[in-house]
Every structure is written in structure tokens, then in C-alpha cells.
Amino acid sequence: MLPTTAIDLEQVRLPVADRLLAVERELRGMAPSGFEALDEVGDYLFARSGKLLRPTLLLLANGVGGRPSPDAVKLAAIVELLHVATLVHDDAVDHSARRRGRPTVNHRWTHQVAIIAGDYLYSRAVIEVVALGKLEQVALLAHTANRMTIGEMRQLVLHDGLDFTRADYERLCEHKTASLMSAACELGTLSGAPQYRDAMRAYGHHLGMAFQIVDDLLDYSSSTRVMGKPRGQDLQEHKVTLPLIAALPKMEWGERRAVEGLFADPEPSPEAVQEIVDLVEAHGGVETAREEARSRAGRARDQLRRLPASPCLEALSLAVDYVVERVR
């Protein structure tokens, strides 16, 4: 099992805590559309602060080398807009009912509203980054948004596929999660000390891969109360993630048939889901995913050796611990 206590995210945020408050102010200024129906959704999405992990990484990367830039605050808010847009679209595509313990936009309103709201946040992010007038940052965020969209389509096309390979899974993680974390870290250095751009890009990539693997792992190992969504929801939604991919080749014929039966059932019972969770754990799928997350975390930490010592560097190292040890 994962540790019962996680690294406190506040420790990671500490060197940039004041700047994160400014990011939240920027977000509140960016989200309104002037149209009541959209603003109601925006108010709901931003009523509670999220983890702000990607803005935190951007600001920490911006502080590496001791040359933080005022532009980084706006860029951090833009990155969070993109992230929230992706979550809204993901929930609509997956027909998810809850996220972080609250009803999703598609569940509270409609799928159409969720898609339009996500599109609005994407387009708002584009408007904001163009207003900065820095072509390199515009190009990087546009490329990232494009990759994230491809990731959403890849996930939809591969939905229900028990022939989903580990290579397929890694490509999905790269597009869906690692691309934005990598971009956040790279954007931070572009506005600060660009000589560390390559190291921070690679750090963000491996950290993002570890983050998504742990996210998928938690679906097998955490309680509903902790996660804010039902345990086994990925299996309920017929998502194939690394724990299942690793366990399937080790299953006997009858066990494989049980998995196929669950994926053929449009509404599998909690008992059927629990049976597959137990099979995956018994065949080492959970442990394989845990080892891969730790490997990716190690590769992220290796990149930090290329950076000068500073409080931001220490926080970036703590971020690796947070990602691997988190319980939600």
C-alpha cells in the first residue's frame, strides 16, 4: 500500500506562496466571460482553490537561478486554465459524476455545457497568452494544448480496449498529463533562467508521467472518502491503466474471462469491480505500477542535479516526493 501520510503540498508551495495568491487573483480575473450562464459554471469551478500543482511548478522553475519574472504569475494562471479545461472535458467524455468530492460540470449541468465551458477556458487561455506578446511562450502553450487534445481523443478511441498496450498507455500519459507539467516547468524557465530550460522540461515530463501512474494506482488502492470518487471508478468506466496492463498477461484463462465480462457490462456491479481489483493486486499489477512511478520520479530527480542550489530547488525535490507519496 501507499503511505498513509503524504508530503504536505504546502511545503512544496512555501517558496512561492505569495506568488500563488497572485495567481489565484489572476484566475478570478480571467475566468469571467460577461455571459451569465458561462460565468455560473466558472464560479463553480473556481469557488474552491485546487491543488495548483502546475502553477506551483511553473513558479518554482521561474525561481531557479534567482531571476523570477512578473510574467510568470500570469503564465501560471494560464496553465491552470488549460488544466481545468482539460478536467472539464475529461469528465464529460468519461461521463464522470464526481471530481474532488463534488459533482462534475457535466453531472450538475449537461454534457453540452461542459464541452462549451471547457472550450471557453481553452480559448480564454489563448487570449491571455497572446496578450503577453511573447511568441515563444505562445508557441509552447499552443503545441501543448494540441497534444492534450490528441490525448483526449486517444483516450476516447482506446476506451474499452483490453488490447491496450503499455506503449499505448505511456503515449496517453505523455499527452494527457506529462505534456502540461513539462510545459509549465519550461515556461517558468523561459521567463526566468532559460539556460535551465532543457533540464526543467525533462523534469516536468518525468514528474508528469509519475503523477499519472500514481493517479491510476490510487484508483486501486485508496478509499472513496480519501479520493473523493468511488474506488475502482476507472474499471467502472472501462479504463485500462498500468496496473491492469501489467496484471493481464499473468492471469489464467478464467480470470481473463472475468475481466472481459466486466468490460462487456455497461454497468458493472461494485462486487464485479472489486473482484478485478483483487485480481490485479494478486498478480502484481499494483506493485508494477508503483515501481514504474518510482522509476519516473527518480528520473525527474536526476534532472535537478543540473540546477543551482536554492529554496526553489529544494521545493522541486519535495514535489517529487509529494507526487509519489500522495494518497489523493
Side-chain angles (χ1 to χ4, degrees), residues 27 30-31 33 37-55 78-125 144-161 164 169 172-181 208 211-220 222-241 263 266-268 270 273 326 328:
L27 275 171
M30 290 177 182
S33 66
L38 265 177
D39 288 345
E40 184 183 358
V41 179
D43 290 343
Y44 180 73
L45 286 169
F46 295 104
R48 293 194 291 179
S49 294
K51 295 177 182 176
L52 297 180
L53 178 59
R54 290 148 193 85
I78 291 167
V79 163
E80 185 68 6
L81 275 185
L82 282 176
H83 173 56
V84 174
T86 302
L87 297 183
V88 172
H89 278 174
D90 277 353
D91 288 338
V93 169
D94 295 338
H95 296 263
S96 298
R98 300 188 75 78
R99 178 178 289 277
R100 297 172 183 164
R102 304 173 76 208
T104 56
V105 172
N106 53 282
H107 188 71
R108 178 164 174 159
W109 285 274
T110 65
H111 282 77
Q112 294 94 326
V113 168
I115 295 301
I116 292 168
D119 288 347
Y120 170 73
L121 294 176
Y122 268 121
S123 60
R124 188 72 213 175
T144 301
N146 183 255
R147 294 184 75 194
M148 292 164 71
T149 303
I150 292 170
E152 288 181 29
M153 192 61 168
R154 186 182 294 277
Q155 179 171 308
L156 182 63
V157 168
L158 293 170
H159 204 63
D160 279 353
F164 192 49
Y169 173 78
L172 177 60
C173 291
E174 184 176 352
H175 283 80
K176 180 181 173 183
T177 304
S179 61
L180 188 56
M181 283 203 184
F211 186 95
Q212 185 59 55
I213 293 166
V214 171
D215 211 49
D216 296 335
L217 176 60
L218 288 173
D219 193 62
Y220 285 82
S222 281
S223 69
T224 299
R225 181 183 60 80
V226 171
M227 284 291 285
K229 66 176 185 177
R231 185 184 185 201
Q233 183 172 318
D234 286 350
L235 287 171
Q236 188 84 30
E237 296 173 356
H238 299 168
K239 289 182 184 177
V240 181
T241 58
F263 275 74
E267 295 186 10
V273 170
R326 67 197 178 95
R328 61 182 299 163

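Along the sequence shown, the residues carry numbers beginning at 1. Since this is a predicted model, take the numbers as computed values, not measurements.
Closest non-hydrogen pair, Val88 versus Gly118, comes out as CG1-N, 4.1 Å. Residue Ser179 comes nearest to Thr144 through the heavy atom pair O-CG2, 3.7 Å, listed as atom of the first residue, atom of the second, then distance. The heavy-atom pair separating Tyr169 from Thr241 by the smallest distance is CE1-CA, 3.8 Å. Met181 and Gly208 make their closest contact through SD-CA, 3.6 Å (heavy atoms, listed as atom of the first residue, atom of the second, distance).
Within the 4.5 Å cutoff, no side-chain heavy atoms of Lys176 are placed close to those of Arg147. Using a 4.5 Å cut-off on side-chain heavy atoms (C-beta onward), Ile115 and Tyr120 make no contact. Taking 4.5 Å as the limit, some side-chain heavy atom of Leu121 sits within range of a side-chain heavy atom of Leu45. Contact check for Arg98 versus Pro103: side-chain heavy atoms found under the 4.5 Å cut-off. Side chains of Leu218 and Arg326 form a contact here, defined as non-hydrogen atoms less than 4.5 Å apart. Using a 4.5 Å heavy-atom threshold, the side chains of Met30 and Ile78 count as touching.
Between the side chain of Asp219 and the main chain of Gln233, a donor-acceptor pair closer than 3.5 Å is present. In this structure, Asn106 contributes its side chain and His95 its backbone to no donor-acceptor pair below 3.5 Å.
For the atom pair CZ (Arg124) and CG (Leu27), the distance works out to 11.5 Å, reported to the nearest 0.5 Å. Separating the CD1 atom in Ile213 from the OG1 atom in Thr177 is a distance of 10.0 Å, to the nearest 0.5 Å. Rounding to the nearest 0.5 Å places NE2 of His238 at 12.0 Å from CG of Asp94.
No hydrogens or angles considered: a donor-acceptor pair under 3.5 Å links the side chains of Glu237 and Ser96. Looking at Asp234 and Tyr220, their side chains never bring a donor and an acceptor atom within 3.5 Å of each other.
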Apply side chain to side chain contact (heavy atoms under 4.5 Å, CB included) to His111 and Thr104, showing your working. CA-CA 10 Å; His111 282 77; Thr104 56; over 6 Å; no

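Shown here are the side chain to side chain donor-acceptor pair (under 3.5 Å) partners of Ser123, two or more places apart in sequence or in another chain: there are none. With sequence neighbours excluded, the residues that form a side chain to side chain donor-acceptor pair (under 3.5 Å) with Asp119 are His89. Partners of Glu152 by salt bridge (charged side-chain N to carboxylate O under 4.0 Å, His left out), not counting sequence neighbours: none found.
Sorted by first and then second residue, the side-chain hydrogen bond (donor to acceptor under 3.5 Å, both in side chains) pairs involving residues 79-88 (not counting sequence neighbours) are Arg54-His83, Thr86-Tyr122. Applying the side-chain hydrogen bond (donor to acceptor under 3.5 Å, both in side chains) rule to pairs touching residues 37-47 yields Ser33-Asp39, sequence neighbours excluded. The stretch residues 84-93 participates, sequence neighbours left out, in these salt bridge (Lys or Arg N to Asp or Glu O under 4.0 Å) pairs: Asp91-Arg99.
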